[in-house]
Amino acid sequence: ASRFHGVVELGPDGKLGGNNGEGLAAQVSTASVTTAVGADRKRYFTGTGIGQQRVHLFDEGFKLLVSYPEDALENRHAGIWDARLADLEGGGTLELYVGYWGPVGVQGATLEGRRTWSYRRIASVMRLAVGGPSAKGQRLLWCSHNRGTLVALDAEGNQQGEVAVRERPIHSIFAADLTGDGQPEWCGLLSVADVGKTVAIGLNLKGEELWTYEVPKGVHQLPVEPVVPGRISNSGPGQW
């Protein structure tokens, strides 16, 4: 994001690409961007930021399609913390999933901005992560929240499970297929009493802790994506 009111695309050589969303309207904040491709082969992007009132949906040319919730500026809430595009049902249609700070919880919506469900049994939802496909191609949306567990929701907003890592309250969860087997690996960030200290852990959906890494101490002055999956070698699994 560029000054939080524009988006630029960079190629592997560091040069600007042709898919740029610079000069977005001042009310459209894009501190955090996520993307997904639907069965129609069209790519969509979300743009939002921690504490923002709305998440903005863009097409592949970064034309603004909808801002959700539409009435948020008139009916303000405690702020959005995360948004994801995913096809949880497995039918080929992407939907928008939004996690809120405070009591609003999690909401599902169509790409036209129509709310399809609301789940309020958890509060202060800090991160959303999409699980791997079942045998029928369906997925679950995993939510980290203020109680420190991970709650799984299906495409209709029904709770399908809850995972806790013993004595390890998780405030943020991340999923990515690092091994190429079609199922994601999981990384969590822990709530630690020491200000500026963050601990990352690897875990599975049985609640087992696989590894621990203490992140160098400090607090970012500007919003950043704290965990990003990628690859730093030509062979073997990817990394966080």
Side-chain angles (χ1 to χ4, degrees), residues 1 30-37 45-52 55 79-88 94-101 105-106 108 122 124-133 139-154 160-166 168-192 196-220 222-233 236-240:
T30 55
S32 176
V33 175
T34 66
T35 186
V37 178
F45 295 87
T46 67
T48 188
I50 292 176
Q52 295 296 315
V55 55
I80 291 170
W81 274 57
D82 201 10
R84 286 286 180 270
L85 292 166
D87 173 19
L88 299 185
L94 293 175
E95 289 207 338
L96 175 66
Y97 301 98
V98 183
Y100 293 81
W101 191 253
V106 184
I122 54 177
S124 297
V125 178
M126 286 159 270
R127 283 282 172 170
L128 306 174
V130 180
R139 300 172 186 264
L140 295 175
L141 183 72
W142 291 87
C143 315
S144 60
H145 57 100
N146 63 350
R147 294 204 308 269
T149 67
L150 303 178
V151 167
L153 305 178
D154 64 16
Q160 297 296 334
E162 185 169 9
V163 171
V165 179
R166 188 174 182 179
R168 293 292 215 179
I170 297 173
H171 67 72
S172 297
I173 187 65
F174 305 86
D177 181 5
L178 301 182
T179 59
D181 64 355
Q183 294 291 331
E185 279 65 49
W186 299 86
C187 175
L189 297 182
L190 303 181
S191 298
V192 181
K197 182 178 179 180
T198 301
V199 176
I201 67 168
L203 66 149
N204 60 31
L205 296 182
K206 297 178 182 179
E208 298 170 337
E209 184 176 329
L210 306 178
W211 52 262
T212 302
Y213 173 73
E214 187 171 314
V215 179
K217 190 174 182 179
V219 178
H220 293 283
L222 295 174
V224 300
E225 189 67 11
V227 178
V228 178
R231 182 179 295 279
I232 59 175
S233 61
Q239 295 83 31
W240 300 107

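These figures come from a predicted structure and were not determined experimentally.
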In short, salt bridge (Lys or Arg N to Asp or Glu O under 4.0 Å) pairs touching residues 170-190 with sequence neighbours left out are none
TODO: Answer yes or no: is there a donor N or O on one side and an acceptor on the other, between the side chain of Gln239 and the main chain of Ile232, under 3.5 Å?
DONE: yes
Side-chain donor or acceptor of Gln160 paired with backbone N/O of Val151 under 3.5 Å:
no
Are any non-hydrogen side-chain atoms of Thr198 and Leu190 less than 4.5 angstrom apart?
no
Give the ring-plane orientation class for Trp186 versus Trp142, where under 30° counts as parallel, over 60° as perpendicular and anything between as tilted. perpendicular
Of Leu153, Thr34, Leu141, Val98, the one forming a side chain to side chain contact (heavy atoms under 4.5 Å, CB included) with Leu128 is Leu141
Given the options Val130, Val55, Thr46, Leu85 meets side chain to side chain contact (heavy atoms under 4.5 Å, CB included) only with Thr46
State, to 0.1 Å, how close [X] and [Y] come at their nearest heavy-atom pair, and which atoms those are.
X	Y	value
Ser144	Leu150	CB-CD2, 3.9 Å
Ser32	Glu225	OG-OE1, 4.1 Å
Arg139	Gly131	NH1-O, 3.1 Å
Gly196	Val219	CA-CG2, 3.7 Å
Ala83	Thr48	CB-CG2, 4.5 Å
Arg168	Thr212	NH2-OG1, 3.7 Å

Rounded to the nearest 0.5 Å, what separation is found between the [atom1] atom of [X] and the [atom2] atom of [Y]?
X	Y	atom1	atom2	result
Leu203	Trp211	CG	CH2	8.5 Å
Trp81	Cys143	CH2	SG	15.0 Å
Leu140	Asp154	CG	CG	7.0 Å
Gln183	Asn204	CD	CG	12.5 Å
Ile173	Met126	CD1	CE	12.0 Å

Q. Stepwise, does the side-chain contact (heavy atoms from CB on, under 4.5 Å) test hold for Val125 with Tyr100?
A. CA-CA 5 Å; Val125 178; Tyr100 293 81; 5.9 Å; no
Step-by-step side-chain contact (heavy atoms from CB on, under 4.5 Å) determination, Arg147 to Ile122: CA-CA 8 Å; Arg147 294 204 308 269; Ile122 54 177; 4.0 Å; yes
Review point. Do Leu189 and Phe174 pass the side-chain contact (heavy atoms from CB on, under 4.5 Å) test, and can you show the C-alpha distance, the side-chain angles, and the key distance before you say yes or no?
Key: CA-CA 9 Å; Leu189 297 182; Phe174 305 86; 3.9 Å; yes
Take Ile50 and Trp101, measure what side-chain contact (heavy atoms from CB on, under 4.5 Å) needs, and give me the verdict at the end. CA-CA 9 Å; Ile50 292 176; Trp101 191 253; over 6 Å; no
